[in-house]
Amino acid sequence: MPRYNPAVIEPKWQQFWEENRTFRAPELPTAEKRYVLDMFPYPSGDGLHVGHPEGYTATDIICRFERMRGKSVLHPMGFDAFGLPAEEHAIKTNTPPRVSTENNIATFRRQMKMLGFSYDWDRELATTDLEYFRWTQWIFLVIFDTWFDPEQKRGRPIAELPIPAEVASRGARAVQRYRDAHRLAYQADALVNWCPALGTVLANEEVQDGRSERGGHPVERIALRQWMLRITAYADRLEQDLEQVEWPDGIKNMQREWIGRSTGAEVDFYIGPPEDYDAWRVRRGDEGFPGSAGEEVLRIYTTRADTLFGATYMVIAPEHPFVDRLSTPEQRGAVESYCRRAAARSDRERQESREKTGVFTGSFAINPVNHQGVPIWIADYVLISYGTGAIMAVPAHDTRDYEFAEKFDIPIRAVVDPGPSADVDREAVLAGQACFPGEGRAVNSADYDGLPTGEFQQRIARDLSAQGVGRAAVNYKLRDWLFSRQRFWGEPFPILHELDDQGQPTGVLRAVDPEDLPVDLPHLDDYRPHGKPEPPLAKAPDDWLYPLIEGRRYRRETNTMPQWAGSCWYYLRFLDPQNQQNFVDPEIEKAWMPVDLYVGGAEHAVLHLLYARFWHKVLYDRGHVSHSEPFRRLVNQGMILGELEYTGYRRPDGAWVTAPHVRRDADGQWLDSTSNETLEPVALKAEDVEKTGEHFVLRDEPAIRVDSRAHKMSKSRGNVVNPDQIVQDYGADSLRLYEMFMGPLEATKPWSMAGVNGVRSFLDRVWRMIVDERAEACQLNDHVRDQEPDADQLRMLHRTIQAVTEDTDRLQFNTAIARMMEFVNYFNKQTVRPRPVMESFVLLLSPYAPHIAEELWRILGHDRTLAYEPWPEFDPERIKEATVEIPVQIQGRLRAKIRVPAEAERSQIEAEARADERVSQLLDGKQVVKVIVVSGRLINFVVK
RNA sequence: GCGAGAGUGGCGGAAUGGGCAGACGCGCUGGAUUUAGGAUCCAGUGGGGCAACCCGUGGGGGUUCGAGUCCCCCCUCUCGCACCA
């Protein structure tokens, strides 16, 4: 079988690597270390998608490349195996999720091994392994045991939390409650995203447009007691430390925006009895601005304290605690019905109608800068969860307030002069007939008139602070992380709730002793959620649910952790996966961390990457890890789309509708935008369409434009490519090579079966370049000789080594492959192919197509794996050419080409160029004004 | 609406400290070989023109001896965010 047959050689080498533990990483690095990590997959029932091997191949190439360059490489793989789909499957089939999960993992593992990735499989883990989530629970207890010290800006043991004397005097219970309120893991009654269809609450990040990210089910907001992680305490550090990491700017920006730090001021508007206002001002002047707002003020947050003089009304969120107090008897009915409606309105509905709604409370507050009364409204465009849940509204300079004021006929008072500018109607703004949210100079603002926005803000912050009615403040869009789920298939919380003699919770929490970890999941007879926000673990047998410790009865926490928990620290466990004493050995951690290259999809830009960084910082503060950031360099692989498709649209009567007249309604139906008829999309063949100008049209009906685009792979569209099929038809090396050859790693790119076939024929040519495919046994091609290469051949080799080395180093795999193709095109024409040149080439190819490379290496006479052979070096001297061809331009237009010595002087190049027949003809009769020579690159004559 | 990224042959893409646009691959055309081929090899392949030459990197302007690359305006697509005061 002398023809290239991946079906035989690929399994053979996979077995070789496995049996010889070829890619086992040492416990501690033995040379310069490289920790190269893939985002581990969720093992879905569908098996590997062609999107997975894209990132995996990229990291595998880097690992194989770096091993050959003498580095100590750590390259592990595992499975993020808790999660909703397995549980949904369990509910449907009433089988334990562990069973289907393990089946799925087996499929994923088989598929990954089939692709020849050089993982150290001895380090494999799954987040669902008892020995793994034991330490997930342990880390939760670390978080539970930590409070954030705002002075030192770091997490510290709860035992070090200063207890105010007043609290201590109220006894042990009070102290405990005080501590519980300061832990990084705490329980709170929160308005949460409850998803009835999934039977669980979801984190803010898991909700998009009012629907669950998974499944697209509606989400409601309800109040529930939940576990929260105080990620907001780390908001500043999470934002600032982004500067330390080498991540794509887009991802860093997304994290920054998600954290959403804003600076501004908190200001108190007086709402007490008007006759006491003056006394209140005096008192505030003496005592200063209190940490928590009292009953007599409405505290607001603003980033535009410079517009205080333009506040013509105030708004509180419908959930604001003052709603009741501020509603006057005449308004009460209207307020109550408004708040009821607002509560019933789902986020989804709020998204759909951005129409401003609201109701007047009947009450007024007093503006501290001008002592004027300001009406207080209730409106759902103000969110209870941001700032103080109350705002001062400045319609002249805030578009939302402007819309509201227009609708409810509230005065609009301009206080910022935009100045002369082409794109602002200054007169309209100053007349209160247009909204200007930008910066300018103050007007109608008493003593502050004329100040530019920035200066005004500084001055007024100082003044408000001096009067005790305001202070500078920082706010974040980031909310604390809702950390509990009403699901079975997740890590149980290692927390016990103390019960009294009647079996009622006392409110006292007890952490499970670390020696008693892990808390395993109990056996359940069925996994079905019951549509109530109560976790299935509540159905666990009593001996699990009600442990007795030191004579006291407890009830276990029955919520489970969200899927993200396990992925927050897996990169640490990979370093020391068997450790029984510790989640990771400190010496090992210090030696391998941080991750040098982390590759995965951009969909984890905020979720996983923010959560993992947060956990890592807590572990860092508590002295368990040595770096403050886990992932030094991050690269996002782009999405792989299905094959390019041409789509035409047809009316029910069969007539075509041109693409620009086709639109899609909210339900995804295709409609004719002129007649509103429903249209049927029709897949067209390439030969039925042609390109005219910018667009594709029907060949038979050129007036009809058709869509030409690649779509996301999806089961419903039927354009999913299965890696198993590709490996069977073309081989794993072809799949790897194709995925890398498609285009830049980070780009979104469409799949093409013809392209796979193309790289397969490249590998066929590689094979024939070295192997005699007509011989019966595996033997070298006659052209491969033990002979010295000539200068041309050496130049080709060294140019290829240089290009492949540099491109690989820069993750530009597509161009590296192109250079190897050029090499093969060249040597397949050579009747003498010196063996050392062929050997160097095989080494260059090996990170990309390791199976065929190992096989060729063996045929070339080596009996060891090439995985640790030194990477070929290039010699710049061998690349130099004696003469170079350079273009001759006249007026910047190419007119001729000349061949000159590589080191030629300007004058010589000019002389050669003028001597060229064609050039001399063209220059004849013209005056040469200037001659530009870029040595070794070109010459350009400027003529008159 | 805001933010980010991207628009180059029939298709995927090369080339940006300004310097021969279209490397490499697919597809297509012609030829060779073959009983046959979705195999292999050779040649060609941006558009127009017989040719010299002209036109070409989403559109329009500009800087420059020279622009895919730099500057200004506009269009389209993709992704993210979306009442965060």
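The sequence lines fix the lettering, A, B, ..., with proteins before strands; numbering per chain opens at 1.
- Rounded to the nearest Å, the gap between the C1' atom of B:A21 and that of B:U57 is 7 Å.
- Going from atom OH of A:Tyr476 over to atom C1' of B:C81 covers 20 Å, rounded to whole Å.
- Between the C1' atom of B:G10 and the CD atom of A:Glu690 lies a distance of 11 Å, rounded to the nearest Å.
- Nucleotides B:G48 and B:C65 place their P atoms 34 Å apart, quoted to the nearest Å.
- Between the side chain of A:Glu912 and the backbone N or O of A:Ile898 there is no donor-acceptor pair closer than 3.5 Å.
- Residue-level contact check: A:Lys712 touches neither bases nor backbone, having no heavy atom under 4.0 Å from any strand.
- For the pair A:Arg895 and B:A52, the criterion of a side-chain N or O lying under 4.0 Å from OP1 or OP2 is not met.
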Sort me out a list of protein N/O and nucleotides 55-62 of chain B N/O pairs below 3.5 Å, or just none if empty.
{"unit_1": "B:C55", "atom_1": "OP2", "unit_2": "A:Arg893", "atom_2": "NH1", "d": "3.2"}
{"unit_1": "B:C55", "atom_1": "OP2", "unit_2": "A:Arg893", "atom_2": "NH2", "d": "3.2"}

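- The pair A:Asp764-A:Arg760 counts as a salt bridge, with a side-chain nitrogen and a carboxylate oxygen less than 4.0 angstrom apart.
- Here A:Arg304 does not pair with A:Asp398 in a salt bridge; the nearest charged N to carboxylate O distance is not below 4.0 Å.
- Salt-bridge formation is not detected for the pair A:Arg699/A:Asp688: no Lys NZ or Arg NE/NH1/NH2 atom is positioned less than 4.0 Å from an Asp or Glu carboxylate oxygen.
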- [ ] Any chance you could list the contact pattern along nucleotides 12-25 of chain B? Use B for base contacts, S for sugar-phosphate-only contacts and - for none, protein heavy atoms under 4.0 Å, 5' to 3'.
- [x] BSS----BB--BBS
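- A 4.5 Å side-chain heavy-atom check between A:Val50 and A:Trp751 finds at least one atom pair inside the cut-off.
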Open item on the list: Just to be sure I follow the notation: if a pair is Watson-Crick (purine N1 to pyrimidine N3 plus N6-O4 or O6-N4) or a G-U wobble (N1-O2 and O6-N3), each under 3.5 Å, what dot-bracket string does RNA chain B give, with | for pairs to another strand?
Closed with: (((((((..(((......[....)))((((((.......))))))(((....)))..(((((..]....))))))))))))....
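- At whole-Å resolution of the value, CD in A:Gln457 and C1' in B:A85 are 13 Å apart.
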Open item on the list: Using the rule given for side chain to side chain contact (heavy atoms under 4.5 Å, CB included), can you reason through A:Val635 versus A:Trp247, listing the C-alpha separation, both sets of side-chain angles and the distance that settles it, and then say yes or no?
Closed with: CA-CA 7 Å; A:Val635 173; A:Trp247 289 14; over 6 Å; no
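- When distances run from any side-chain atom of A:Arg768 to the nucleotides B:C65, B:C81, B:C41, the shortest one goes to B:C41.
- For the pair A:Glu403 and A:Lys407, the salt-bridge criterion is not met [side-chain N within less than 4.0 Å of a carboxylate O].
- Ring centroids of A:Tyr313 and A:Phe404 are separated by less than 6.0 Å, placing the two rings close together.
- Between the side chain of A:Glu739 and the backbone N or O of A:Glu54, at least one donor-acceptor pair lies under 3.5 Å.
- In this structure, A:Glu645 pairs ionically with A:Arg717, as a charged nitrogen and a carboxylate oxygen lie closer than 4.0 Å.
- B:G60 has its base anti relative to the sugar, with a glycosidic angle deviating from 0 by more than 90°.
- Aromatic ring centres of A:Phe741 and A:Phe813 lie farther apart than the 6.0 Å criterion allows.
- Between the CZ atom of A:Phe762 and the C1' atom of B:U40 there is a distance of 17 Å, given to the nearest Å.
- Residue A:Lys407 contributes atom NZ, which lies 14 Å from atom C1' of B:C83 at whole-angstrom precision.
- Comparing B:G13 with B:U78, their P atoms sit 15 Å apart, to the nearest whole Å.
- Using a 4.0 Å heavy-atom cutoff across all strands shown, A:Lys477 reaches at least one base atom of the nucleic acid.
- Between the side chain of A:Arg899 and the backbone N or O of A:Ile886 there is no donor-acceptor pair closer than 3.5 Å.
- Atom CE in A:Met639 sits about 16 Å away from atom P in B:A6, given to the nearest Å.
- Separating the C1' atom of B:A32 from that of B:A23 is a span of 27 Å, rounded to the nearest Å.
- B:U69 and B:C79: their C1' atoms are spaced 24 Å apart (whole Å).
- With P as the reference atom, B:U63 and B:A52 are 32 Å apart, rounded to whole Å.
- Taking atom C1' on both B:U33 and B:G49, the two are 37 Å apart, rounded to the nearest angstrom.
- The backbone N or O of A:Met740 lies less than 3.5 Å from no partner atom in the side chain of A:Asn814, so there is not a single donor-acceptor pair.
- Remark: the separation of the C1' atoms in B:G22 and B:U40 is 27 Å, to the nearest Å.
- Computed from coordinates, the A:Leu607 CG to B:C79 C1' distance equals 15 Å when rounded to whole Å.
- Atom CG of A:Asp306 is separated from atom P of B:A85 by 14 Å (rounded to the nearest Å).
- Nucleic acid contact class of A:Ser385 (heavy atoms, under 4.0 Å, all strands): none.
- Between A:Ser752 and A:Asp398, the residue anchored closer to the 5' end of RNA chain B is A:Ser752, taking for each the nucleotide with the nearest heavy atom.
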